[in-house]
Amino acid sequence: MAQTTPNHTQTVSGWAAHDSSGKITPFIFKRRENGINDVTIEILYCGICHTDLHHVRNDWGITMYPVVPGHEITGVITKVGSNVKEFKVGDRVGVGCLAATCLECDFCKDSQENYCDQVQFTYNGIFWDGSITYGGYSKMLVADHRYVVHIPANLPLDATAPLLCAGVTVFSPMKDHNLHQAPGKKIGVVGLGGLGHVAVKFGKAFGHHVTVISTSPSKEEEAKERLGADDFLVSTDAQQLKKGMRTLDFILNTVSAKHSLGPLLELLKVNGTMVVVGAPDQPFELPSFPMIFGKRAVKGSMIGGMRDTKEMMELCGKHNITCDIEVTTPDKLDEALDRVAKNDVRYRFVIDIAAGLPSNL
């Protein structure tokens, strides 16, 4: 394992954390040359994911410093490899969480690359050549074309960036349950944050009755008036939850704080399913009776494969779905990450990469 290999000859300007303080500072590093299967991308925008915060502060104990975060990347292709047929110079494209997989296992062959045993991520991973991957808090990226997607012409690159992670994270389980093709269901979205607000948009675009379930009564107006949710339940209000019992076909749980799944499961009809995409740092409380007496299921889901990502992006273009964002600049990254830690953003930060780059790079 090495930060670079002899093939890393391109000097790149970016921003990195160098220790568990998580402080972000300018960082000059090397990227590999554009290979036969690669595209080179001038990065214009990069979303800030809560995962970035965990990595820069080494919350999970796996960070390889220096770490250049960022896996919600949008930009323009400046170079293509000889084996690349579906992209050309000038294309507007996006890169999400995936940098490399084995390409040979059953998951890769079924375009569920995100579950490959050998999956490596866009940053803090180990690429095929043994080098550490650096992410989108930087001027440019060299990416294997198999993990790159086109961005529809009608979607702005800034508000589209978080779709590469947050978007596909909520789209994939919805697709797994055919919610993108079978309208008329009653679905619940637990948590109205970076993931939840996109899930509400998808649910409404796909023709469903959407109920937002939140601990914050103050979010009801925004859920209904701004995002188009049909109903709103305060998860700490026992009377509201009792009224909502056995009314939902499907629940997407986006909450990353410890909570009990029991009261939420009671909202599902018999045979209903809850899919968990939030990742609390402590175990869920999961009582057995709500599952047994309702024949209910609890499942997990992690981001999405490339087929899902491409399909999601096409549907977003068709329905004009983007994320609600606040644009920030590289000189304010520490402030932005602190606000992410406090959930003080509606609903995703996106970095305007060009706003912080010296003109000579």
Side-chain angles (χ1 to χ4, degrees), residues 12-15 31 34 38-52 68-80 84 86-99 121-123 133-171 194-195 197-198 201-202 303-306 308-330 332-333 336 340 345 347-357:
V12 183
S13 176
W15 296 268
R31 289 205 190 275
N34 197 88
D38 292 332
V39 296
T40 297
I41 301 167
E42 177 188 0
I43 299 174
L44 299 177
Y45 296 97
C46 184
I48 297 178
C49 178
H50 210 281
T51 301
D52 301 348
V68 178
H71 57 208
E72 298 177 345
I73 301 164
T74 57
V76 176
I77 289 181
T78 59
K79 187 181 294 186
V80 298
V84 179
E86 69 270 35
F87 296 103
K88 65 182 185 303
V89 172
D91 282 353
R92 304 163 79 247
V93 295
V95 174
C97 300
L98 304 180
F121 296 112
T122 299
Y123 70 87
T133 56
Y134 291 132
Y137 292 19
S138 59
K139 179 180 180 179
M140 61 85 84
L141 177 73
V142 180
D144 187 294
H145 75 281
R146 288 165 287 205
Y147 307 97
V148 180
V149 296
H150 286 282
I151 293 177
N154 62 306
L155 299 182
L157 290 178
D158 54 359
T160 296
L163 293 174
L164 276 304
C165 174
V168 73
T169 293
V170 299
F171 173 77
L195 298 176
H197 90 284
V198 185
K201 291 184 179 186
F202 283 153
I303 53 175
M306 295 312 300
D308 282 359
T309 306
K310 292 174 183 177
E311 186 171 347
M312 174 209 65
M313 201 59 72
E314 291 170 359
L315 284 169
C316 286
K318 177 181 177 181
H319 295 288
N320 200 31
I321 294 173
T322 56
C323 298
D324 291 6
I325 64 168
E326 182 177 333
V327 176
T328 189
T329 51
K332 297 180 180 177
L333 282 173
V340 169
V345 58
Y347 285 98
R348 300 288 279 205
F349 275 117
V350 173
I351 311 162
D352 181 350
I353 295 294
L357 288 167

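This chain uses plain numbering: 1 for the first residue, then up along the sequence. We use all heavy atoms of the structure for the numbers below, so side chains are in, but hydrogens, waters and symmetry mates are not. Here the structure is a predicted model, which means the values were calculated and not measured.
Atoms CG and CZ, on D324 and R348 in that order, are 12.0 Å from each other to the nearest 0.5 Å. Taking CG of D352 as the start and OG1 of T329 as the end, the distance is 7.5 Å to the nearest 0.5 Å. The line from SG of C49 to CG of L195 is 7.5 Å long, rounded to the nearest 0.5 Å. Interatomic distance, N320 CG to L315 CG, rounded to the nearest 0.5 Å: 12.5 Å. Here the CD1-CZ distance, from I321 to F171, works out to 9.5 Å after rounding to the nearest 0.5 Å.
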* Could you walk me through whether I73 and L141 pass side chain to side chain contact (heavy atoms under 4.5 Å, CB included), step by step? => CA-CA 9 Å; I73 301 164; L141 177 73; 3.9 Å; yes

* Run the side chain to side chain contact (heavy atoms under 4.5 Å, CB included) check on V345 and I48 step by step: do they pass? -> CA-CA 11 Å; V345 58; I48 297 178; over 6 Å; no

* Could you go step by step and tell me if L98 and M306 meet the side chain to side chain contact (heavy atoms under 4.5 Å, CB included) rule? -> CA-CA 9 Å; L98 304 180; M306 295 312 300; 4.1 Å; yes

* To do: Test side chain to side chain contact (heavy atoms under 4.5 Å, CB included) on I351 and W15 and set out the steps.
  => CA-CA 11 Å; I351 311 162; W15 296 268; over 6 Å; no

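In terms of heavy atoms, K201 sits closest to T322 at NZ-O, 2.8 Å. Residues F87 and I77 approach most closely at CB-CD1, 3.5 Å, considering heavy atoms. Across all their heavy atoms, S138 and V12 have their closest contact at CB-CG1, 4.2 Å. When all heavy atoms are compared, the tightest approach of V350 to I325 is CG2-CG2, 3.7 Å. Minimum heavy-atom separation, A336 to F349: O-CE1, 3.5 Å. Pairing each heavy atom of G167 with each of M312, the nearest pair is C-SD, 3.3 Å.
With sequence neighbours left out, the side chain to side chain donor-acceptor pair (under 3.5 Å) criterion links T40 to N34. Every residue meeting the side chain to side chain donor-acceptor pair (under 3.5 Å) condition with D91, not counting sequence neighbours, appears here in chain and number order: K88. In this structure E326 satisfies the salt bridge (Lys or Arg N to Asp or Glu O under 4.0 Å) test together with R339, sequence neighbours excluded. Evaluation of the ring-ring contact (aromatic ring centres under 6.0 Å, His included) rule for Y123 yields H55, H71 as partners, not counting sequence neighbours.
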List the atom pairs, with distances to 0.1 Å, where a side-chain N or O of residues 147-165 and a protein N or O form a donor-acceptor pair under 3.5 Å, not counting sequence neighbours.
unit_1, atom_1, unit_2, atom_2, d
Y147, OH, T101, N, 3.0
Y147, OH, T101, OG1, 2.7
H150, NE2, E86, O, 2.8
N154, ND2, G317, O, 3.0
T160, OG1, P156, O, 2.6

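Checked by atom type and distance alone, the side chain of T133 pairs as donor or acceptor with a backbone atom of F121 at under 3.5 Å.
Side-chain contact between I41 and V93 is present, with at least one heavy-atom pair separated by less than 4.5 Å. Residues R92 and T74 have side chains not in contact (no heavy-atom distance under 4.5 Å, counting atoms from C-beta outward).
Listed by first and then second residue, the salt bridge (Lys or Arg N to Asp or Glu O under 4.0 Å) pairs involving residues 141-156 are D144-R146 (not counting sequence neighbours).
Relative ring orientation between Y347 and H197 is described as parallel, the plane-to-plane angle staying below 30° on a 0-90° scale split at 30° and 60°.
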